[in-house]
Structures are given as C-alpha cells and as structure tokens.
Undergrad: 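Starting off with a structure, shown below.
Letters go in sequence order (proteins before strands), and every chain restarts at 1.
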Protein chains: 2
Amino acid sequence: MALKHIAESTVRRLSDYLRFLEELEAQGQQTVSSGELASLGGTTSAQVRKDLSFFGSFGKRGLGYTVTALSRSLRQILGLERTWKVAIIGGGKIGRALAQYHGFRERGFDVVAVYDIDPARIGVSLDGVVVRDQRDLDADLTTLAVDIVLLAVPAEAAQPLVDRVTSAGIRAILNFAPVPVQASSRVAIRSVNMALELEFLAYELVNRDA
Amino acid sequence: MALKHIAESTVRRLSDYLRFLEELEAQGQQTVSSGELASLGGTTSAQVRKDLSFFGSFGKRGLGYTVTALSRSLRQILGLERTWKVAIIGGGKIGRALAQYHGFRERGFDVVAVYDIDPARIGVSLDGVVVRDQRDLDADLTTLAVDIVLLAVPAEAAQPLVDRVTSAGIRAILNFAPVPVQASSRVAIRSVNMALELEFLAYELVNRDA
DNA sequence: TGTAACTTGTGAAATCATTCACAAGCGGAA
DNA sequence: TTCCGCTTGTGAATGATTTCACAAGTTACA
C-alpha cells in the first residue's frame, strides 16, 4: 500500500481529518461520513474519499467510517504510533516559544534538546529542557537519537546548519528561518515563514475582488 | 494586468524572489537572470519567468532583470509599498513571541495591538505594545484601522474570533490555532499549524524511500 | 557589419490534483 | 425477501500548474 507518490496536500488533509476524528471520538460519536469530515475541514466529500483511497478502503457503504478505526488507521499512516525526538536549534524568541509549546508533546513530538551559541542563553531551562552549547550538537544528534531538527536561527545561519545536521544523519528538518533552504532529496524539509504568510495576505488584500 | 486568478504558489514564490533581490541589491549586483533566481529559490528558470509573466514583462533578453527595478515591481505587486497594521489576539506564548518578532516590522507589518482575556496578562508591555483587554477588540479594530489579524488563541476560541473580527470588517487573518477555520470568500485566511508540519515530516520519515 | 553567446517571454505539452458521476454495498423497514 | 435511502470507492473528465522548447531580442566583440 502507499507505493506510489502521494501528494503533499493529501497528507496534510489527513492530519486534519485525524484531528476531527479525535474530537468526534472524545464526543463519543461512533461513525462519520466523508461528507461530515469534509464540512469540518472545508473540503468536499469526494476529496475526503479520494484522499483515503490512496491508502486503502476504510469505510462501509451506506454507513460511513468507524471513528475509532479510521482514527487508528490515520495515525498509522502518518507515523504517529510512536513518539519522535525533536531538537531545536536556536534559543531566541522563536526557539524558546517552540520549546515551551505544549502542542508538540501532545502529538507525540518530544523536545529533547535546545541549542544556542550565545553563552548567555546556554544553561537556561525551558520547561525542563536545558539550553545546551551548540558545539555539542553533532555528537548529541546521534547520542540522543534525534529524529527531527527544528531550525529557529537567523537567516544566514540556516543553510550551514542544514548542511551540518544532514551530515550528522538527520533526515527531517522544520525551518523557521526566513529563507528557503535546500538539501538532498533524501531529506524532508518544510519551512514556516511567518513574514511570507503576511506578504501573501497583503497581496490578497490588494488584489482580491479588485 | 493581473486580471485573472494567480496561483497561490506563484505569489509565494514572488515573495521569495523579492527576498533574494534585496540581498543581491545589498551586495551591489546590478542584474540577475531567471536561472540565478531559480537556483537561489530551488526552482527552475522557466518557473521564474512564468511566474513573472503573469504580471508583465520585466526583463531584457540577453541580459536578465535589473535588480532594483524588479525588486520595486515585486514590492508593488505584493502590496508592500505601504505598511500594514496588524493586531495579535492572544497573549500566550505564541502571541508574545509574535509580538516581539522583529521580522514583521522589517517587512512593513506593524503590530499595533495585542489582546487577551486573562487579567494577569492585560497591561503587560511587549516590545512597546501593551496587551489590551479583548473586550476592546471590536471597537479598536476600527479605531486603529487594523488590516490584518493574527490569531494566537486555543483551538476552541479560533472560529468564534474569526466570525467576530470578520463582522468587524477584517478581511485578512493569519491563524496560528491548530484547527482549520472558515470564513466568507471575501476574507483571506492562512493557517500556520506547526504540529501539522511535524506530522507531515513524520509521514515522510516513515514513507520516504520505503 | 556579422557572428556568437546569452537570456527572455510564451504557446504547447506534460504532469499533477480535484471534481464528477455512478455502480455497488449496506442497514432497516415492511 | 424486497425495496428504499444512504454512502463508499473509483474510473473518467476537468481543471490547474509546471515543464518544455524555441523564436526573438540584446550585448560583446572582431
């Protein structure tokens, strides 16, 4: 299953569906239809069914999907049946906010270390995680068995750190620095660029219904 | 110009190009080719040229683009020739980090107010902006002429606030709450969902080259 | 002037993603 | 058992985005 390449947009919607399923589960709802999931997620029922169909057949015609079963299937597809170890590089405002953000641990992402180069920041404790010296980074990535690196550093430091952590064997990076970064196709990289999101909104304000 | 609908992906790449142009400008480079912009942004030269072609003709055959001229054109296209007033709702960890993030002001987005409902947070000053009582929100949005609202509130508070600020006339929202929110098609909404980005990376770790 | 080396702008082709539309399966009622 | 209402799963159609490929414009230089 899942042999051919699946669109990124599909995978992201799967995450949304999972969140809705967990909500419905908490409310005790037994089954859910593709139409119901669609309206929660602002998409269409055909889209929901097509998204799921890439991974198998999970529903019952006439009935819909069993909430708990689909929820479990999605968690398995998304790789959320285990916890993932996350290291944050950069102990500035963004790095600290990320380190203290509870949403990560709730979803199975454990922040195991935070790094900085500024002696004034090293040693500070953030919700139980002590900021470490960035010189320890390479050794730690292996020792701590880090799965995912979050980059919360200035623009000019981002690409060199991508190169450095990928050399150390890291295969997934979430970049918060406001520059696109590149790595081998064996490494999964996403960027979150908040200023860019605002620029997109500015564009829409200027151009929508113009 | 720009009459038909432009793909979101195109607009986002335009923001990237602009950033590169500003860098090149600072380095004193006079002209740049589509191929050069492409390799900086991890795309192709045809993509760069096609993106620009939706908005006009900016280059010279054989020469490339004049850095300063293209930079100015892109700023105009993206609506960055003016500053935009931003209000942040939610004075928790994320709201505070956003309020203090310098990247926004540098790009012409002025944080004019931060709101919370918790009395313990109201009155606190964040980089010169004092956290205000959320009861003042509706009146303030008009008085302060806010253009864009950033939502940094818990999941369950997000949709009601979207409804509230759109009623007050807001037409652009950047949502950091970990739920999809919906509004009329006259309102531009983007969501930044950091846990979802990690879930996507987890999926890639499990499935890439599997 | 003529030629070589570049580079843009853009239709056409290819690829990728979404939507349509419907056969087929299921549960409940009579 | 049969019928009805509902819902899935999925090929086919449509729509959107990216890539290709090339004519035409520009500079440099002999």
Side-chain angles (χ1 to χ4, degrees), chain A residues 1-17 20-21 24 29-67 69-71 73-74 77 180 185 200 203 207, chain B residues 1-17 20-21 24 29-71 73-74 77 180 185 200 203:
Chain A
M1 201 81 46
L3 280 146
K4 59 181 167 314
H5 180 254
I6 306 292
E8 170 166 345
S9 48
T10 291
V11 177
R12 300 175 90 89
R13 282 191 298 269
L14 256 33
S15 280
D16 281 342
Y17 304 155
F20 301 138
L21 287 165
L24 296 173
Q29 189 169 327
Q30 304 281 310
T31 63
V32 65
S33 70
S34 57
E36 204 174 345
L37 282 177
S39 78
L40 288 168
T43 177
T44 65
S45 65
Q47 180 79 82
V48 171
R49 294 198 301 279
K50 181 66 86 179
D51 285 341
L52 296 175
S53 77
F54 292 122
F55 298 93
S57 175
F58 304 100
K60 267 209 175 69
R61 287 159 201 247
L63 239 200
Y65 304 88
T66 306
V67 172
L70 184 55
S71 171
S73 297
L74 288 183
I77 290 166
S185 67
F200 178 78
Y203 170 84
N207 291 282
Chain B
M1 195 93 35
L3 279 147
K4 58 181 167 313
H5 179 254
I6 306 290
E8 170 166 347
S9 48
T10 291
V11 177
R12 299 175 91 88
R13 281 191 298 267
L14 256 33
S15 281
D16 281 342
Y17 304 155
F20 300 139
L21 287 165
L24 296 173
Q29 188 169 326
Q30 304 281 311
T31 63
V32 64
S33 70
S34 57
E36 204 174 344
L37 282 176
S39 78
L40 287 168
T43 177
T44 66
S45 65
Q47 180 80 81
V48 172
R49 294 198 301 279
K50 182 65 89 180
D51 285 341
L52 295 175
S53 78
F54 292 122
F55 297 93
S57 176
F58 304 99
K60 267 209 173 70
R61 288 161 200 244
L63 237 201
Y65 304 89
T66 306
V67 172
T68 53
L70 184 56
S71 170
S73 297
L74 287 184
I77 290 166
S185 67
F200 179 78
Y203 169 84

Undergrad: Please give me the minimum heavy-atom distance between B:T44 and B:A38, naming the atom from each residue.
TA: C-CB, 3.3 Å
Undergrad: Figure out the CD/P separation between B:E8 and C:dT18, and round it to whole Å.
TA: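 Going from B:E8 (CD) to C:dT18 (P), I get 13 Å.
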Undergrad: I'd like to know if A:R61 reaches the base of D:dT8 with its side chain, counting only an N/O donor and acceptor under 3.5 Å.
TA: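 Yes, a donor-acceptor pair under 3.5 Å.
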Undergrad: Check the phosphate of C:dT7 against B:S34, side-chain N and O only, distance under 4.0 Å to OP1 or OP2. Yes or no?
TA: no
Undergrad: Checking contacts here: which listed nucleotide (D:dT8, D:dC20, D:dG11) is nearest the side-chain heavy atoms of B:A46?
TA: D:dC20
Undergrad: Run the side chain to side chain contact (heavy atoms under 4.5 Å, CB included) test on B:L21 and B:Y65 for me, step by step, so that the C-alpha distance in whole Å, both residues' side-chain angles and the decisive distance to 0.1 Å come before the verdict.
TA: CA-CA 10 Å; B:L21 287 165; B:Y65 304 89; 5.9 Å; no
Undergrad: Report the distance from atom CG of A:D51 to atom P of C:dA17, rounded to the nearest whole Å.
TA: 11 Å
Undergrad: Looking at A:V32 and A:L24, what are the two nearest heavy atoms and their distance?
TA: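 For A:V32 versus A:L24, the nearest heavy atoms are CG2-CD1, 3.7 Å.
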Undergrad: Please determine, for the side chain of B:R49, which listed nucleotide (D:dG9, D:dG11, C:dG9) has the closest atom?
TA: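 My answer, after comparing the listed nucleotides, is C:dG9.
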Undergrad: Do you know which two heavy atoms are closest between A:I77 and B:Y203, and how far apart they sit?
TA: O-CD1, 3.4 Å
Undergrad: Both A:A7 and A:G62 contact DNA chain C. Which one's nearest nucleotide lies toward the 5' end?
TA: A:A7
Undergrad: Taking atom P of D:dG9 as reference, at what distance in whole Å does atom CZ of A:F58 sit?
TA: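 Those two atoms, CZ and P, are 9 Å apart.
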Undergrad: It should be established whether A:S53 places a side-chain nitrogen or oxygen under 4.0 Å from OP1 or OP2 of nucleotide D:dG9.
TA: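 It does not, given that no N or O in the side chain of A:S53 lies less than 4.0 Å from OP1 or OP2 of D:dG9.
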Undergrad: Using whole Å, what does the distance between atom P of nucleotide D:dC20 and atom NZ of B:K50 come to?
TA: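 Going from B:K50 (NZ) to D:dC20 (P), I get 13 Å.
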Undergrad: In this structure, how many angstroms lie between the P atom of D:dA21 and the CD atom of B:Q47, rounded?
TA: 16 Å
Undergrad: Among the nucleotides D:dT18, C:dT18, D:dG9, which one has an atom lying closest to any side-chain atom of A:R13?
TA: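 Selected nucleotide (nearest to the side chain): C:dT18.
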Undergrad: I need the CG-P distance between A:L63 and D:dG9, as an integer number of Å.
TA: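 Whole-Å distance recorded here is 11 Å.
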Undergrad: Does A:Y65 place a side-chain N or O at less than 4.0 Å from the phosphate oxygens OP1/OP2 of D:dG9?
TA: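 Affirmative; the distance criterion is met.
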Undergrad: Measure the distance from CG on A:L52 to P on D:dT8 and round it to the nearest whole Å.
TA: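 Rounding to the nearest Å, CG of A:L52 and P of D:dT8 are 9 Å apart.
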Undergrad: Near A:Q29 CD, under 6.0 Å, is it more than 12 heavy atoms from other residues, nucleotides or ligands?
TA: yes
Undergrad: How many Å lie between CD1 on A:I6 and C1' on C:dT18, as a whole number?
TA: 15 Å
Undergrad: Looking at B:S9, does any N or O in its side chain come under 4.0 Å of the phosphate oxygens OP1/OP2 on D:dT18?
TA: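 Checking B:S9 against D:dT18: at least one side-chain N or O falls below 4.0 Å of OP1 or OP2.
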